[in-house]
Amino acid sequence: MSSDAIPSDDSLDPAVDAGSSAAGEDRGTLRDVANSLGISSAVALRALRGSDEIKPQMARRVRETAERLRFPLEELSAETEHRGVVAVLVNTMRNTWISDLVRAIRIELAATGRTAVVVPTRRRIPEHPVAADTDAIEDLVHLGVDGFLMVSDLADMDHVLESTAGRPFVGIGCSKSFTGRFDTVRIDDEVGQGLLVDHLVGLGHREIAHVGGVGAAVARERADAFRAAMARHGLGELARVEPGDFTEQVGQTAGSMLLRGSQVPTAVTCANDVTAVGVLSAARDAGHSVPEELAVAGYGNTSLASSGVSQLTSVDPNSDRLGALAAQFLVERVSGHEGTTRDVAVAPSIVVRRSTSAGPRPESTRRKRVSVD
């Protein structure tokens, strides 16, 4: 995570939602163990497996730390043991957030001799604009994967779950509407959108819009969280949501609509970083400078946000924690855990960059919309 990330709330454990009633969600991950000792995850894993190349003193420190953080030592496999493959189901391969998650998933799965394969499950057919490729999921079952991790929301969830033939299934970064159907490790979007609105209001912005709410249940939840955050500041009547999904093209269209309106906002939050890049393009095309005339913020803290061109303020969802916890939950299910379904909302943080480094201009110097009849 970037060094300029601002914690969401000192009263919250950033590793887990304090309100979760699930048992075992406070277990440490392999990355937690490694970070506590200032070593790599690979070194920590070799130490826990008793590798001869790790000095006994270091091995003892790693094991003591693992026990203190409640890392599930019982799930460790031997160095040469390979117990299977986990399928990571995604809607698209174009979202760079997925690569952050997969890296964390693979590190955690390595402790049990497993690996992960990423499988796109989105197909287009005439009858349905977007449908899940259940044939691909059934093929994975026939190939003998240990279980499935779902990134964000997939279409046709009833058919997706049916296609998994009862194999362990865990959702990552998905809608909270799935809580109770299977284990979920999701982003606390109420906290995330609250951080963005708090930051922008702190700079003096009041006319703040949100681009999103379309394409998935989690998008609607982020739009609702934006409205709630605005209402908390007494700005509920000014909260405007311009419909948009998670794509750059729709983000650019939505941004253009906002900038053509009679009430042009001074700041915009977006459903993800890709959408925010589209809004940045719309601002450029309309001649609005960022951040002097329009502040823009994304969600996900992907490589797009940190690029020299965008320098985009964004919410960091703590992908390492999301991926590691989800992998742990899946391994536990594969190993026979039959407890009630678990739901953990991981608290994100905000990374402030140039795109929101200025407050709104005084009313007298703002651009006015010019109507041409």
Consider only side-chain N and O atoms of D343 and T184, and report whether a donor and an acceptor are under 3.5 Å apart. yes
Just checking, is any N or O donor in the side chain of R114 or T112 under 3.5 Å from an acceptor N or O on the other one? yes
In short, L109 meets A116 closest at the heavy-atom pair CD1-CB, 3.8 Å
Contact summary for A276 and L312, nearest pair of heavy atoms: CB-CD2, 3.5 Å
Salt-bridge present ([X], [Y]; N to O < 4.0 Å):
X	Y	result
E221	R186	no
R354	E292	yes
D189	K176	no
R181	D158	yes

Got a second to check how far [X]'s [atom1] is from [Y]'s [atom2], nearest 0.5 Å?
X	Y	atom1	atom2	answer
I350	H199	CD1	NE2	5.0 Å
I172	L149	CD1	CG	4.5 Å
T356	L294	OG1	CG	11.0 Å

Which residue pairs pass the side chain to side chain donor-acceptor pair (under 3.5 Å) test when at least one of the two sits in residues 99-110, sequence neighbours left out? E108-Q328
Residues pairing under ring-ring contact (aromatic ring centres under 6.0 Å, His included) where one sits in residues 138-177, two or more places apart or in two chains, turn out to be F169-F182
